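None of the values given here were measured: they were computed from a predicted structure.
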Amino acid sequence: MGTGSARPAQPVRVIFSSLQDLQVWLDRYALRAPYATPPELEPEDGILEGPLLGNVLRIWSSVIIKGGRLKLGPYRIEVRGGVSVVFERVHIDWCPAVATVSAAEAAAHSGSVPPQHGGGGDLLGPAAVTVAGKGTQLTMRECKVLCAEIGTGAAPIRAGCVLAHQGGRVQLDGCVLSGAPCFGLAVFGQGSVASAKATPAWCCGSAGFLAVAGGELEATDCRAQYGGVPAGRKLNRAAVVAAAEADVAVKRNEALPQGSGLAPFITADGKPHLGAGFFAADGGIVRLYGVCVGHRNGCGGFVSWGPGADLAVVAAADGGGIAIASQNGWGGFYACGAGAQLDAGAGARALENVVAGFAAYEGSELRAGANCMAKENKGDGWIADGSRVKAGPGCSSEGNGGRGWLSQEQGGVMVAGERCSAVGNGLDGFASIGSKLSVGRGAVSCDNGMDGFTVSDGGELDASAGGCQARANKQHGFCAEDEGSVLQVGPDGLAQDNGAWGARVEGRGALLRLGQGWWSAGNQGPNQGEENGGGLERA
């Protein structure tokens, strides 16, 4: 082990042969006056291994660790004490064995004991690398953090690759995170901040990127893929199915198969979660820049859950900022719970997800900017289920298996901007069921498997902005059913070449209003009319 002078002009370069060798040097250095510039610490022959006295490699001084491979085994790294530490091109191998936590912690992390303090973030960790304490900063450049699979006899713990909490700050640039039972990069608590640039997170159990309880996370040009996939699976579409089944199982309080290597994160409402790409939970804040992708995760690409959760895609000055959610096991973008917010930004894409493209549930709010697209999802394109959804101009829903746009349940409010469209969906184009839906001027619904625009169960569908068109739908162009349902079609509405009526109102107490310039032609049924006591008004 080499040393240098007390206060050199150039950084001291120190070589180590083992983790314990490194720990001894760090402990001694922490007790002395620091060098003028942080020393550069490097592993001998490119590798550092244990054994290590104690479970934690403690870094409480400002240093730079450069290159090589740290084979931590069951040990972990902790950065504390208001210092600034840099890792450059370091490859970290970690096995999050149960031996690294107490028996009580292991029981709690396994899910056999519910969280005691409200949110699952109270029990996040351990992590391969933890940054804690106000003023503590860790910068990781071109590093890899790989979590080995937990043995079949071990209880899963909510372990991850990198964690910032208690006011700590961590910055990742060009790194890779992989294989954690719970999270790739996580931040917990007020004042804690994590950022990542050009960093993919692969095969992390609950979330690739996670912010909880006031923690702030920024991601730029990052990707979260194959989240929630059980250990040992080949990474293909079948793996996504297995991940989705695991998420459903834990939400039903069913046990996961032994050796799955997955540890669900539990939100404050007691719900366990697996398979999110980017996840804001229980007051966590996530901001996304550049192009961020959530692909083939077991649950959702981008998720905001619980009171105060806030996930947003931010447009940069140069117009960047696009999120893409594709082939996920449940949905692309979704918010759930009163007070949860998700802003998908402009140009977002929800493609080929198993259930929904964009969705809001249980009193949450989802916003989308201009020209967002839900395409070829197996369920509905856009859903407001007892929640609020607002989509900007030019947003579309195309080729989805269910409805293009759906507002349902009491309190559901959906606002689709001007020139929004529903094309080639399996069921209705725009549907309001016992809730409210409004569309902007020039909305188009065509080639859908049922009605173009439809309202039922006492809901409201407001197309009064004008210029709305229903063309070549397999059933009615415009349809209002059931007592209390109201469908307003503004000026210059068009119903053409639909498989049944152009405009139809059925049932006592249902109302259909047709504005000036209404035109209906080429439909298989009547161009417009009422049945069974429905009310039809013409401007």
Taking all atoms of both residues into account, what is the closest heavy-atom pair of G381 and S397, and its distance? CA-OG, 3.5 Å
Hey, does P96 have a side-chain heavy atom less than 4.5 Å from the side chain of W94? yes
Can you confirm whether N297 sits close enough to Q327 that some side-chain heavy atom of one is under 4.5 Å from a side-chain heavy atom of the other? no
Using distance alone, with no hydrogens and no angle criterion, decide if Q341 and D310 have a side-chain donor and acceptor under 3.5 Å apart. no
Say you draw a straight line from SG of C479 to CD of E506; how long is it, rounded to the nearest 0.5 Å? 7.5 Å
Between T267 and H273, is any side-chain donor less than 3.5 angstrom from a side-chain acceptor? yes
From the list V170, T199, V145, side-chain contact (heavy atoms from CB on, under 4.5 Å) partner of L185 resolves to V170
Going by atom type alone, with no hydrogens or angles, which donor-acceptor pairs under 3.5 Å involve a side-chain atom of residues 207-223 and a protein atom two or more places apart or on another chain?
| unit_1 | atom_1 | unit_2 | atom_2 | d |
| --- | --- | --- | --- | --- |
| D221 | OD1 | V291 | N | 2.8 |
| R223 | NE | Q225 | OE1 | 2.6 |
| R223 | NH2 | Q225 | OE1 | 3.4 |

Atom OG in S387, atom CE in M414: separation rounded to 0.5 Å? 10.0 Å
Contact check, side chains of L342 and F358, non-hydrogen atoms, under 4.5 Å: no
Separation between OG of S520 and CG of N527, rounded to the nearest 0.5 Å: 3.5 Å
With sequence neighbours left out, which residue pairs that include part of residues 245-263 fulfil the salt bridge (Lys or Arg N to Asp or Glu O under 4.0 Å) condition? D247-K251
Report yes if the side chains of V162 and L177 come closer than 4.5 Å at any heavy-atom pair, otherwise no. yes
In terms of relative ring orientation, are W405 and F430 parallel, tilted or perpendicular, with 30° and 60° separating the classes? parallel
Considering only NZ, NE, NH1 and NH2 on the basic side and carboxylate oxygens on the acidic side, decide whether R237 and E352 come within less than 4.0 Å. yes
Would D343 and R367 pass as an ion pair if we require N to O under 4.0 Å? yes
Does V505 reach the side chain of E481, with side-chain heavy atoms less than 4.5 Å apart? no
Q488 and D462: side-chain donor and acceptor closer than 3.5 Å? no
Please determine, by modelled atom types, if R538 and Q516 share a side-chain donor-acceptor pair under 3.5 angstrom. no
Just checking W518 against F478, ring centres under 6.0 Å apart? yes
Whether N498 side chain and A470 backbone form a donor-acceptor pair below 3.5 Å: yes
Point-to-point distance, once rounded to the nearest 0.5 Å, from CD of E460 to OG of S432: 7.5 Å
Hey, which of N448, D428, D447, T454 is the one that makes side chain to side chain donor-acceptor pair (under 3.5 Å) with N473? N448
Flag the pair D451 and R504 as a salt bridge only when some basic side-chain nitrogen lies within less than 4.0 angstrom of an acidic carboxylate oxygen. no
Flag if over 12 foreign heavy atoms under 6.0 Å of CD, E483: no
For the residue pair Y334 and W305, does the interplanar ring angle fall in the parallel (under 30°), tilted (30 to 60°) or perpendicular (over 60°) class? perpendicular
Nearest heavy-atom neighbours spanning H295 and S326: ND1-OG, 2.7 Å
Exercise: identify the closest heavy-atom pair between S192 and A164: CB-O, 3.9 Å
What's the separation between atom OG in S396 and atom NZ in K375, rounded to the nearest 0.5 Å? 8.5 Å
Quick test of your reading: applying ring pair (Phe, Tyr, Trp, His ring centres under 6.0 Å), list the pairs with at least one residue in residues 218-249, sequence neighbours left out, ordered by first then second residue. none
Of the non-hydrogen atoms in A127 and L163, which two are nearest, and what is the gap between them? CB-CB, 3.8 Å
Given the options N400, N425, N328, N377 meets side chain to side chain donor-acceptor pair (under 3.5 Å) only with N400
Supply the atom-to-atom distance R403 CZ to I383 CD1, rounded to the nearest 0.5 angstrom. 9.5 Å
Return the minimal non-hydrogen interatomic distance between N523 and A495, and the atom names on each side. ND2-O, 3.2 Å
Minimum-distance pair of heavy atoms, taken over all atoms of A243 and G298: CB-CA, 3.4 Å
